[in-house]
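Right, one structure below, let's go through it.
Everything numeric in this text was worked out from a predicted model, so none of it was measured. So you know, we letter chains A, B, ... as the sequences are listed, proteins then strands, and number each from 1.
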Amino acid sequence: MKKLITLAAGTATLLGSLMATNAMAATTLESVKEKGHLQCGVTTGLPGFSQPDDKGNWTGIDVDTCRAVAAAIFGDPKAVEFTPLTAKERFTALQSGEIDMLSRNTTWTLTRDASLGLNFTGTNYYDGQGFLVSKDLGVSDAMELNGATICIQAGTTTELNLADYFRANDMEFNPLVFDTSEQTVQGFASGRCDVLTSDRSQLAALRSKLADPSSAVILPNTISKEPLGPVVRQGDDQWFNIVKWVLFAQINAEELGVTSENVEDMKKSDNPNIQRLLGTDGDMGDKLGLPADFGYDVIKGVGNYGEMYNRNVGPGTPLDLDRGLNALWTEGGIMYAPPMR
Amino acid sequence: MNEQTLPLKPSRSKPWNDPRVRALFFQLIAIAAVFWGGWALIDNTLANMESRGISTGFGFLDQSAGFGIIMSLIPYDATYSYGRTFWVGLLNTLLVSGMGIVAATILGFLIGVARLSSNWLIAKLALAYVEILRNIPLLLQIFFWYFAVLRNLPSPRQSVDIGGLFFLNNRGFYMPEPLAQPGFGVVTAAIVVAIVAVVIIKRWAKKRQLATGQVFPTVKVGLAVLIGVPVLAYLAAGGPLQWEIPELKGFNFGGGITLIPELAALWVALSLYTASFIAEIVRSGIMAVSKGQTEAAQALGLRSGLTLRLVVIPQAMRVIIPPLTSQYLNLVKNSSLATAIGYPDLVAVFMGTTLNQTGQAVEVVAMTMGVYLTISLLISLFMNIYNRAVALKER
């Protein structure tokens, strides 16, 4: 009988705990502060965006976006732990709370925004889908790709755009879908497919992984809009605002000419915009639940948007990508952040 | 003397002291707890998903999928629904599992018998096969067959050409495809007739052998009927078949039947890997048959081939079938490694792309789990029915 009572008590506890999870958890900011670090979802390895080196240090524009948020919260850009995720895994990881934010070259679409319980906080890279083909093929335009075998990564908008594009142009193709970008490149390198399709920035990154990068060319066609940016769970407005405004702070900093190098001097600036950005005036941080000088910490720790871009994907890096659309609005691009006031 | 007699019946115990009532009571409680727990789990999941703004339900199955799949056994293109992608994936899984089970069984039996061969070389080769293949992780073997072998095949324009009909390149193996023309129904009917005829002949031959002791060459005659009748019908109907021969156009070959490298690699890897386990099962099954059985068969003058086929294997089957069932189940479940090399099986197509495009994780995963459970239970059921049929019947 004693055994039975223990069993019944155990069952009751189990069921009780099942029901209890229904209760509201702490806010994301509180739980991040309690953990002492930010848990950030990134790619499994994409040069320029998020890539671990041989010592396990992550670098890339998406990684820097995570570091900037960590710098805003803790004043320490290193207070981040990274979770490498495939395209297939990323949303479930965020929905289930395994990560606090996703910063993984993810395209902002209506379906994802509206039906997955997610919020896109902004765009840290404006991209578009393109095609990488082997030079031997002698193809110079995507319209010549009828009947081609195409390598794609699973679970991406790329997969859908591709089908749309070929259907709209009355062409056929054989899609070969792989789990990770590594496998996709291998499929392309082994000659299993004629074409590799992905966002243009990724193509540049993936091409740099080929044994002979000059053996492949990126076709001039861009077949879609791919605004890439960080994602958070829906239902926590404070956290949504924090991730959103950290990126805006970086963009505004570039516009105001504040860099990680001159940020100390800029603290003494009497430009009210800079004062609000760096927290020497106003209570911008307070409104977000962050320290008053979160903007200073972000710029000091990670730099402004332009620095982040040039360091990871800009001219001189292996990716060597022009600013293009990603230039500030004042310089012919569409990078535009709402004012901090 | 007023002797007190013992009561005939034990005194009626109270219901809560009756073990049967108590057992029933606690089982009811347990069932109720399980159902309540399950309900709580589902309710909780739904509530949490709703509070986070994640849409639920199976409505997504009717929306158009909008992505391509390289290989499908039923008509499919990007305009079909997500529900269709489920069937495409499921059929691809069943195809590779079925092909794998057939190949692994045949190979496994051959190797298993070879391990017991009195020929030293054959026995040691079979041993090496088993020890190597069953000890290397399946995923590595799949990668080996896919990437290492694929990389050495020529590109479509330099294809290996076999008689202008078959072509082999790094995009697959291309074969002519038979297209049925009007009048092919006669041939189909002839095939059915031939099969029925073979069954009748076999029964008659067995009856005659039991009655007279004369052996009828069933196999030879059966094969002749099975091939001859349809061929005659085919010629009589005026050859109602057209062969579509693959030809190089643009990037690749078109027309004909294609065996894509993803399917080939997965099939080969699954078959070779599972065959090594089946070989061990067959060997242990044969060794479980008492040596006296072989000796008795030899004493009757049966040749070793007949001894194996008529005396040893039928008895070994009883030992072989239960573990063989597990290997079949493993093979089906292992086929989900397809996703690593881009073969569009259920896990890759449905639990991969469809899940990701719709975001309906709970529904999609539940459906996929349901499918694997169903396939496994069906295999188990059929193997158990077969096992009962061949089991030792003691009369």
Side-chain angles (χ1 to χ4, degrees), chain A residues 4 7-8 11-12 14-15 18-19 21-22 24 87-92 95-96 111-112 114-118 136-137 144-152 154-157 159-160 162-164 166-167 173-179 183-184 186-187 189-195 233-235, chain B residues 26 29-30 33-34 36-37 40-41 43-44 47-55 60 65-71 77-79 146-148 150-151 153-156 169-171 249-252 254 260-262 339-342 344 348-349 351-361 365:
Chain A
L4 273 172
L7 183 76
T11 319
L14 178 76
L15 291 172
L18 269 176
M19 300 301 280
T21 41
N22 229 343
M24 244 3 230
K88 270 163 61 175
E89 299 159 348
R90 56 188 162 179
F91 298 126
T92 321
Q95 286 165 342
S96 62
T111 311
R112 289 172 176 180
S115 72
L116 301 189
L118 306 176
D136 319 333
L137 225 52
E144 298 166 35
L145 292 178
N146 192 9
T149 306
I150 303 180
C151 282
I152 329 164
T156 56
T157 47
E159 223 178 325
L160 303 178
L162 183 71
D164 283 356
F166 275 74
R167 192 141 49 109
F173 71 105
N174 301 310
L176 197 61
V177 184
F178 290 99
D179 242 13
Q183 290 165 354
T184 317
Q186 266 197 22
S190 68
R192 175 62 182 100
C193 44
D194 305 296
V195 184
R233 267 184 303 280
Q234 204 168 299
Chain B
F26 281 112
I29 288 190
V34 166
W36 185 61
L41 207 65
D43 181 62
N44 206 1
N48 278 338
M49 294 210 304
E50 199 182 318
S51 76
R52 288 182 185 176
I54 302 170
S55 51
F60 72 95
F67 62 89
I69 300 174
I70 192 162
M71 181 190 135
D77 64 45
T79 57
Y146 188 56
F147 285 113
L150 185 68
R151 212 165 282 221
L153 289 174
S155 68
N169 59 44
N170 60 11
R171 305 292 159 78
K249 36 186 180 189
F251 291 98
N252 213 336
I260 57 171
E262 289 73 30
T339 176
I341 56 167
V349 168
M351 225 172 84
T353 305
T354 299
L355 188 159
N356 218 266
Q357 301 301 357
T358 60
Q360 308 285 313
V365 173

Quiz prompt | Residue part contacting chain B, namely of A:Thr184, when any heavy atom lies under 4.5 Å | solution = neither
Quiz item: Looking at B:Ala65, B:Gly359, B:Pro344, B:Ala340, which one has more heavy-atom pairs under 4.5 Å with chain A than the rest?
Solution: B:Ala340
Quiz item: A:Asn146, A:Asp164, A:Leu176, A:Asp179: which one forms the most heavy-atom pairs within less than 4.5 Å of chain B?
Solution: A:Leu176
Quiz item: Within a strict 4.5 Å, meaning less than it, do heavy atoms of the A:Arg90 and B:Asn356 side chains meet?
Solution: yes
Quiz item: For B:Thr339, is it the side chain, the backbone, both or neither that has a heavy atom under 4.5 Å from a heavy atom of chain A?
Solution: both
Self-check item: A:Leu162, part contacting chain B, at a heavy-atom distance under 4.5 Å
Solution: neither
Quiz item: Looking at B:Ile260, B:Val349, B:Asp77, B:Ile341, which makes the most heavy-atom pairs under 4.5 Å with chain A?
Solution: B:Ile341
Practice problem: Heavy atoms only, distances under 4.5 angstrom: which of A:Ala87, A:Cys151, A:Ala114, A:Gly191 has the most pairs with chain B? Name it, please. | Solution: A:Gly191
Quiz item: Where is the tightest heavy-atom contact between A:Pro175 and B:Ile69, given as atom of each residue plus distance?
Solution: CG-N, 3.5 Å
Exercise. Keeping the roles fixed (side chain from B:Gln357, backbone from A:Thr156), state whether a donor-acceptor pair exists under 3.5 Å.
Key: yes
Self-check item: From B:Asn48 atom CG to A:Ser96 atom OG, the distance as rounded to the nearest 0.5 Å
Solution: 11.5 Å
Practice problem: Just give me the residue among A:Gln95, A:Gln234, A:Glu89, A:Arg233 that pairs up with chain B most often, heavy atom to heavy atom, under 4.5 Å. | Solution: A:Gln95
Quiz item: Of all heavy-atom pairs between B:Gly66 and A:Ala163, which one has the smallest distance, and what is that distance?
Solution: O-CB, 3.3 Å
Exercise. Examine whether an atom of A:Cys193 lies under 4.5 Å from a heavy atom of chain B, and if so say whether it belongs to the side chain, the backbone or both; otherwise answer neither.
Key: backbone
Self-check item: Residue part contacting chain B, namely of A:Thr111, when any heavy atom lies under 4.5 Å
Solution: side chain
Quiz prompt | For A:Glu159, side-chain hydrogen bond (donor to acceptor under 3.5 Å, both in side chains) partners two or more places apart | solution = B:Thr353
Practice problem: Between chain A and each of B:Arg171, B:Met71, B:Met351, count heavy-atom pairs under 4.5 Å; write down the option with the most. | Solution: B:Arg171
Quiz item: Side chain, backbone, both or neither: which part of B:Thr354 has a non-hydrogen atom closer than 4.5 Å to chain A?
Solution: neither
Quiz item: Who pairs with A:Arg192 by salt bridge (charged side-chain N to carboxylate O under 4.0 Å, His left out), at least two apart in sequence or on another chain?
Solution: B:Glu262
Quiz prompt | A:Glu144 versus chain B, the contacting section by heavy-atom distance below 4.5 Å | solution = backbone
